[in-house]
Colleague: 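One structure coming up, written as structure tokens, with questions to follow.
As the structure is a prediction and not an experimental result, all values here were calculated from the model.
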Amino acid sequence: DTAVSQTPKYLVTQMGNDKSIKCEQNLGHDTMYWYKQDSKKFLKIMFSYNNKELIINETVPNRFSPKSPDKAHLNLHINSLELGDSAVYFCASSQGRGLAGYEQYFGPGTRLTVT
Amino acid sequence: DAKTTQPTSMDCAEGRAANLPCNHSTISGNEYVYWYRQIHSQGPQYIIHGLKNNETNEMASLIITEDRKSSTLILPHATLRDTAVYYCIAVLFGNEKLTFGTGTRLTIIP
């Protein structure tokens with residue numbers, strides 16, 4: 001069973017389009033995250049949700065909008081895609097917030113290419 | 001969260017112990033040391049974490065110095081599948097945010 005899954009695995013699209021990436025976790029975790037890994041391999045957090053509530057929102061353009069329909073899902077919608085959005089996007093989840101053993105479990109990533 | 005410093009790259013012979021150092025000289029008393037790794041093209045994978053005491057699990061051991069200013073991740077019998085980038089991260093208790101640095105690229109040599 002896949003713990004954290006993402007769809008699609010690859011996404012190629014043109015500038016100006018709107019696209020969504022979906023994430024689901026079957027671990028029963030309360031907290032979910034989106035990370036972006038750019039071409040230089042730097043991995044940075046974008047958002048975090050706990051029980052459908054936004055708790056972390058880094059300085060991400062408002063073209064990026066996370067949506068959490070329930071605590072097992074955290075989707076990422078991106079409007080008006082730009083070349084600089086090309087990256088690998090990772091979803092992750094953890095047991096809760098503020099707990100010592102809150103190791104995060106990551107999905108396989110979605111490679112987004114904007115042309 | 002405290003800044004961590006790691007060597008850019010290391011090699012280790014297959015079957016030997018891989019010792020990955022991490023410096024976190026400004027770590028505070030309630031910051032944990034977490035280790036993750038990222039195998040090529042995959043999502044990061046949790047390895048181990050600790051606060052003061054040494055820790056061991058099925059993947060690795062974590063040795064934290066008494067003054068907590070540095071730590072070492074030990075993979076006891078490295079295999080080719082351990083080739084990855086290893087990240088040492090200082091995390092404040094109660095902070096969900098992981099801040100990844102550049103990590104150490106460990107290459108296991110056959």
Colleague: Taking ILVMFWY side chains as joined if any heavy atoms are under 4.5 angstrom apart, and letting links pass through other members, which residues group with B:Ile39?
Modeller: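 Under the 4.5 Å side-chain rule, B:Ile39 groups with nothing.
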Colleague: A side-chain contact here means heavy atoms from C-beta on lying under 4.5 Å apart; do B:Gln38 and A:Gln37 qualify?
Modeller: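 SC-SC contact between B:Gln38 and A:Gln37 confirmed.
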Colleague: Please round to the nearest 0.5 Å and tell me the distance separating atom CD of A:Glu103 and atom CD of B:Gln45.
Modeller: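 A:Glu103 CD to B:Gln45 CD: 11.5 Å, rounded to 0.5 Å.
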Colleague: Honestly curious: do B:Val33 and B:Leu106 fall in one hydrophobic cluster under the side-chain, below-4.5 Å linking rule?
Modeller: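 Same cluster.
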Colleague: Looking only at heavy atoms, which of residues 4-12 of chain B get nearer than 4.5 Å to chain A?
Modeller: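 So far as heavy atoms go, nothing in residues 4-12 of chain B approaches chain A to under 4.5 Å.
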Colleague: Check for me, please, whether A:Met32 and A:Leu27 land in the same ILVMFWY cluster - side-chain distances under 4.5 Å, paths through other members count.
Modeller: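 In one cluster with A:Met32: A:Leu27, no.
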Colleague: Is A:Lys44 close to chain B through its backbone or its side chain, or both, or neither, when contacts mean heavy atoms under 4.5 Å?
Modeller: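 Neither part.
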Colleague: Above 12 or not: heavy atoms from other molecules or residues under 6.0 Å from CZ of A:Arg63?
Modeller: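 More than 12 within 6.0 Å, yes.
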Colleague: Would you call B:Leu98 and A:Tyr33 a side-chain contact if the rule is heavy atoms closer than 4.5 Å?
Modeller: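 Not in contact.
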Colleague: Using the rule that two of Ile, Leu, Val, Met, Phe, Trp, Tyr join whenever any of their side-chain heavy atoms come within less than 4.5 Å, decide whether A:Leu11 and A:Met46 are in one cluster.
Modeller: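 In one cluster with A:Leu11: A:Met46, yes.
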Colleague: Under 4.5 Å, heavy atom to heavy atom: which of residues 65-92 of chain B reach chain A? Give them by number, or say none.
Modeller: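 The stretch touches chain A at B:Tyr87, B:Val91.
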Colleague: Give the C-alpha distance, both sets of side-chain angles, the deciding distance and a yes or no for side-chain contact (heavy atoms from CB on, under 4.5 Å) between A:Phe106 and B:Tyr36.
Modeller: CA-CA 11 Å; A:Phe106 285 77; B:Tyr36 281 75; 3.9 Å; yes
Colleague: Chain B contacts: which residues in residues 70-82 of chain A have a non-hydrogen atom closer than 4.5 Å to it?
Modeller: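 If one takes a 4.5 Å heavy-atom cut-off, no residue of residues 70-82 of chain A lies near chain B.
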Colleague: In terms of hydrophobic clusters joined by side-chain contacts under 4.5 Å, are B:Ile48 and B:Leu20 together?
Modeller: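 Same hydrophobic cluster.
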Colleague: So B:Thr102 and A:Phe42, side-chain contact (heavy atoms from CB on, under 4.5 Å) or not? Walk me through it.
Modeller: CA-CA 7 Å; B:Thr102 53; A:Phe42 289 113; 3.3 Å; yes
Colleague: Do A:Gln104 and B:Tyr34 touch side chain to side chain, with heavy atoms closer than 4.5 Å?
Modeller: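 Sidechains of B:Tyr34 and A:Gln104: no contact.
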Colleague: With a 4.5 angstrom heavy-atom cut-off, could you sort out which part of A:Tyr35 is near chain B: side chain, backbone, both or neither?
Modeller: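 Just the side chain, heavy atoms under 4.5 Å.
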Colleague: So if you build clusters from Ile, Leu, Val, Met, Phe, Trp, Tyr with side-chain heavy-atom gaps below 4.5 Å, do A:Val88 and A:Leu112 land together?
Modeller: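 The answer is no; the residues belong to distinct hydrophobic clusters.
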Colleague: Check each atom of A:Gln6 against the heavy atoms of chain B and say whether the ones under 4.5 Å are side chain, backbone, both or neither.
Modeller: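 Contact with chain B is absent: no heavy atom of A:Gln6 under 4.5 Å.
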